[in-house]
*Asks:* 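One structure coming up, written as structure tokens, with questions to follow.
Values in this document were obtained by computation on a predicted structure and should not be read as measured data.
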Amino acid sequence: QVQLVESGGGLVQPVGSLRLSCVVSGIFFSINAMLWYRYAPGKQRELVAEITRGGSTNYADSVKGRFTISRDNAKDTVHLQMSSLKPEDTAVYYCNAEIVDLVVGSTRNYWGQGTQVTVSS
């Protein structure tokens, strides 16, 4: 019954900014890591950013310094603030979360439906 819903995608000009959000809903015990992936035609799926339950972050080299991942544990939400966007950032962005079920110790990764980000002049 766990669902992840992304929002915030759209069309933006180069060097512009967007903020993606992903809200987790349903019945679960807790959320461990939360991650953002992206997929663009002709390219491999790329792990863009991840954040642990404690707030430790990692970024792909391609976005480091431009993107910021954050989370609000009280709202079961993860954000991806994207700045200085480039055409190469055009992709479908997917939220992923490692979720602990009500039976502690049982985990599963869930995916959102994806949100399109298009960076174009």
Side-chain angles (χ1 to χ4, degrees):
Q1 296 301 124
V2 176
Q3 293 182 308
L4 279 63
V5 179
E6 301 101 331
S7 63
L11 175 64
V12 65
Q13 301 295 314
V15 310
S17 298
L18 283 175
R19 190 181 80 150
L20 306 183
S21 299
C22 175
V23 180
V24 181
S25 63
I27 302 173
F28 56 90
F29 182 73
S30 63
I31 305 172
N32 290 334
M34 303 183 80
L35 311 90
W36 285 98
Y37 290 84
R38 67 184 181 186
Y39 180 82
K43 299 181 180 179
Q44 299 182 49
R45 186 178 66 187
E46 180 181 24
L47 174 60
V48 177
E50 60 182 331
I51 184 167
T52 68
R53 182 170 52 191
S56 179
T57 60
N58 286 291
Y59 299 92
D61 289 339
S62 58
V63 307
K64 192 173 299 182
R66 300 187 297 119
F67 290 11
T68 301
I69 188 171
S70 62
R71 64 190 290 169
D72 185 339
N73 291 334
K75 297 181 178 180
D76 297 328
T77 301
V78 62
H79 302 283
L80 185 67
Q81 178 66 48
M82 306 184 294
S83 300
S84 301
L85 284 163
K86 307 174 181 179
E88 307 91 88
D89 296 318
T90 296
V92 179
Y93 285 71
Y94 295 90
C95 179
N96 175 274
E98 181 184 275
I99 294 176
V100 183
D101 295 330
L102 293 180
V103 179
V104 177
S106 178
T107 63
R108 179 179 176 182
N109 283 97
Y110 290 85
W111 291 87
Q113 82 286 357
T115 185
Q116 175 71 48
V117 172
T118 302
V119 185
S120 176
S121 300

*Asks:* If you count every heavy atom of other residues, nucleotides or ligands that lies below 6.0 Å from L102 atom CG, does the total exceed 12?
*Replies:* yes

*Asks:* Check the hydrophobic clustering (I, L, V, M, F, W, Y; side-chain heavy atoms under 4.5 Å; chains of links allowed) and say if F67 and L35 are grouped together.
*Replies:* no

*Asks:* Could I get the full list of side-chain hydrogen bond (donor to acceptor under 3.5 Å, both in side chains) partners for R53, not counting sequence neighbours?
*Replies:* N32

*Asks:* Could you tell me if the side chain of S121 sits less than 4.5 Å from the side chain of Q13, heavy atoms only?
*Replies:*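 Answer yes - side chains close enough.
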
*Asks:* Between E88 and S62, does any side-chain donor sit less than 3.5 Å from a side-chain acceptor?
*Replies:* no

*Asks:* State the OH-CD distance between Y110 and E98, to the nearest 0.5 angstrom.
*Replies:*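 Those atoms lie 11.5 Å apart.
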
*Asks:* With the side chain counted from C-beta on, respond yes when L11 and S120 share a heavy-atom pair under 4.5 Å apart, and no when they do not.
*Replies:* yes

*Asks:* To the closest 0.5 Å, what do you measure between CG (N58) and CD1 (I69)?
*Replies:* 9.5 Å

*Asks:* Is any side-chain heavy atom of V24 closer than 4.5 Å to one of M34?
*Replies:* yes

*Asks:* With a 4.5 Å cut-off on side-chain heavy atoms, are S106 and F29 touching?
*Replies:* no

*Asks:* Run the numbers on R71 and I31 for side-chain contact (heavy atoms from CB on, under 4.5 Å), then give the verdict.
*Replies:* CA-CA 11 Å; R71 64 190 290 169; I31 305 172; 3.7 Å; yes

*Asks:* Which of these, H79, Q81, E6, K75, sits in a side-chain hydrogen bond (donor to acceptor under 3.5 Å, both in side chains) with S21?
*Replies:* H79

*Asks:* Which residues pass the salt bridge (Lys or Arg N to Asp or Glu O under 4.0 Å) test with D89, not counting sequence neighbours?
*Replies:*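 R38, R66.
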
*Asks:* Take the angle between the ring planes of Y94 and W111 and call it parallel below 30°, perpendicular above 60°, tilted in between.
*Replies:* perpendicular

*Asks:* By side-chain hydrogen bond (donor to acceptor under 3.5 Å, both in side chains), which residues pair with Q116, not counting sequence neighbours?
*Replies:* T118

